[in-house]
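When reading the values below, keep in mind they use all heavy atoms of this one structure, side chains included, and skip hydrogens, waters and symmetry mates. Residue numbers begin at 1 in each chain, while the letters A, B, ... track the order of the sequences. Every value quoted in this text rests on a predicted model; they were computed, and no experiment measured them.
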Number of protein chains: 2
Amino acid sequence: MPKKAASKKRERDPEGTRQALIDATVRLMLQQGFAGTSVDMICKEAGMTKGGFFHHFESKEALGKAAVEWWGQMGASFYNAAWQNTAIGALERLHQMLDIMSGFTMRKDENCVCMVGMMSQELASTNPVMQAACAKELQSWNDQVALMLAEAKKQLKPATNFDPKAVAWFLNSLWQGSMLVGKAVDSQAMIRANLKLARTFVDSLFDK
Amino acid sequence: MPKKAASKKRERDPEGTRQALIDATVRLMLQQGFAGTSVDMICKEAGMTKGGFFHHFESKEALGKAAVEWWGQMGASFYNAAWQNTAIGALERLHQMLDIMSGFTMRKDENCVCMVGMMSQELASTNPVMQAACAKELQSWNDQVALMLAEAKKQLKPATNFDPKAVAWFLNSLWQGSMLVGKAVDSQAMIRANLKLARTFVDSLFDK
DNA sequence: TGTTACATACCGACCGGTTTGTATGCCAAA
DNA sequence: TTTGGCATACAAACCGGTCGGTATGTAACA
């Protein structure tokens with residue numbers, strides 16, 4: 001969403017340059033992590049020089065934060081197809097979300113990995129700024145899922161009482177862990193199998 | 001286990017020095033990750049100099065591999081209390097394992113984190129040596145859990161048929177993801193809640 | 001037992017290259 | 001003519017790893 005209407009053809013496109021830097025960061029850090037990715041590499045990947053980079057971001061950390069936030073928005077825009085689907089019941093929405101997640105494992109030449117999970121694992125215990133940024137994204141994902149679970153509880157008979165937020169954290173953790181383990185054992189099929197089991201777990205929360 | 005009886009007092013202790021380097025590595029990398037931890041820092045932490053370090057390990061990567069392997073042995077020695085407990089049934093052994101995992105969240109001044117998970121997340125996609133080392137540890141954990149699940153299947157009536165290995169990967173992923181998310185949102189209680197839900201999930205695989 | 005010969009454990013200076021970040025200046029758009 | 005976007009050049013610290021040297025232990029042999 002550009003702040004000014006891009007009516008004229010712009011030769012200079014600071015907003016685009018900034019986004020190009022974020023895109024390059026995501027691409028590289030998803031492969032190599034934060035510390036393993038240098039500002040020089042990011043600049044090269046984005047077709048930019050260091051001076052230009054530091055014009056847009058005051059530090060590497062600030063860029064990392066921006067990249068995590070962008071990843072969160074990006075993700076939400078995918079998940080919204082399920083989250084906002086008021087045409088179907090809450091449990092079906094959860095199913096649809098799991099299908100979307102499964103879809104992430106199907107892309108050719110692109111592994112199913114998460115920027116938030118990677119930055120959390122690497123930086124959460126030493127970098128408060130990045131930790132807060134990651135926690136925020138995980139929180140908001142969780143809130144959405146908990147919302148659906150709470151709604152499903154109203155629409156259906158829960159088999160036993162359960163805490164929507166706790167179950168959401170369960171699914172959140174499973175998802176992050178699946179991507180982590182999937183990368184190590186190099187199996188996207190395992191991630192899909194996990195999501196299938198997650199579906200039966202969610203179903204088992206409700207009667208019938 | 002020294003090769004020769006240590007009857008005399010030894011001033012030099014290469015085995016101990018090597019282990020001290022591994023210990024220091026685990027301590028530091030658990031906080032800062034692989035790339036975020038320099039060889040100099042490790043040497044300082046272990047009270048050793050760089051020259052000495054490279055006498056014991058040919059590279060930083062070799063040390064990382066050794067640290068991951070040591071972590072795997074360390075973990076197995078904890079889990080064995082459950083894995084090898086032939087006095088109880090397989091499902092009870094699974095319960096006991098989940099309790100052990102829960103215990104990891106209770107330690108003061110020590111977060112519940114995993115060396116294997118951290119190295120996987122950071123290095124699996126760029127460093128084949130570390131990826132293989134991590135995959136091996138995750139595999140062997142999984143094999144042990146799958147074994148218990150298969151045995152439980154024989155001892156009890158499964159509610160529905162399930163694949164022990166797939167369920168083991170599910171639990172493995174949940175466990176890794178719980179530690180990851182727990183670090184980001186700074187909540188060991190959430191990890192414990194996840195493990196409790198894992199227990200009900202495992203129980204739901206069997207009738208009654 | 002004393003001596004010689006050698007292997008092992010360890011030290012710390014040093015190397016080339018890379019790191020994040022800065023200082024400065026050019027050039028096009030407003 | 002001013003301002004903002006970007007490039008060039010540079011700084012100072014730090015990186016993994018090497019190297020020459022020393023201290024310590026062991027084995028063979030006289």
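Protein atom NE2 of H55(B) is 13 Å distant from nucleotide atom C1' of dA23(D), rounded to whole Å. At whole-Å resolution of the value, CD1 in I42(B) and C1' in dG17(D) are 13 Å apart. Rounded to whole angstrom, the span from the CZ atom of F57(B) across to the P atom of dT18(D) amounts to 15 Å. One atom, NZ of K44(B), and another, P of dC14(D), lie 11 Å apart when rounded to the nearest Å. If you measure from atom CZ of F53(B) to atom C1' of dC15(D), you get 13 Å, rounded to the nearest angstrom. For L21(B) and dC10(C), the CG to C1' distance is 11 Å, given to the nearest whole Å.
Between E69(B) and K136(B) there is no salt bridge, since no side-chain N of the basic residue sits under 4.0 Å from a carboxylate O of the acidic one.
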- Note on the structure: Given protein heavy atoms under 4.0 Å, the one-letter contact record of nucleotides 12-20 of chain C, with B base, S sugar-phosphate only and - none, is simply B------SB
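A heavy-atom distance below 4.5 Å is found between the side chains of K183(B) and M118(B).
In this structure, K165(B) forms no cation-pi arrangement with F170(B), as its terminal cationic atom is not both closer than 6.0 Å to the ring centre and no more than 45° off the ring axis.
For the OP1/OP2 pair of dC6(D) and a distance below 4.0 Å, the side-chain nitrogens and oxygens of H56(A) include at least one atom meeting the criterion.
Nucleotides of DNA chain C nearest to E61(A) and G47(B) differ in position, and the one nearer the 5' end is that of G47(B).
T105(B) and R192(B) share a donor-acceptor pair across their side chains, judged by distance under 3.5 Å alone.
Qualifying salt bridge (charged side-chain N to carboxylate O under 4.0 Å, His left out) partners for E58(B), counting only residues two or more places apart in sequence or in other chains: none.
Taking the six-membered ring for Trp and the full ring otherwise, F162(B) and F206(B) have centroids separated by under 6.0 Å.
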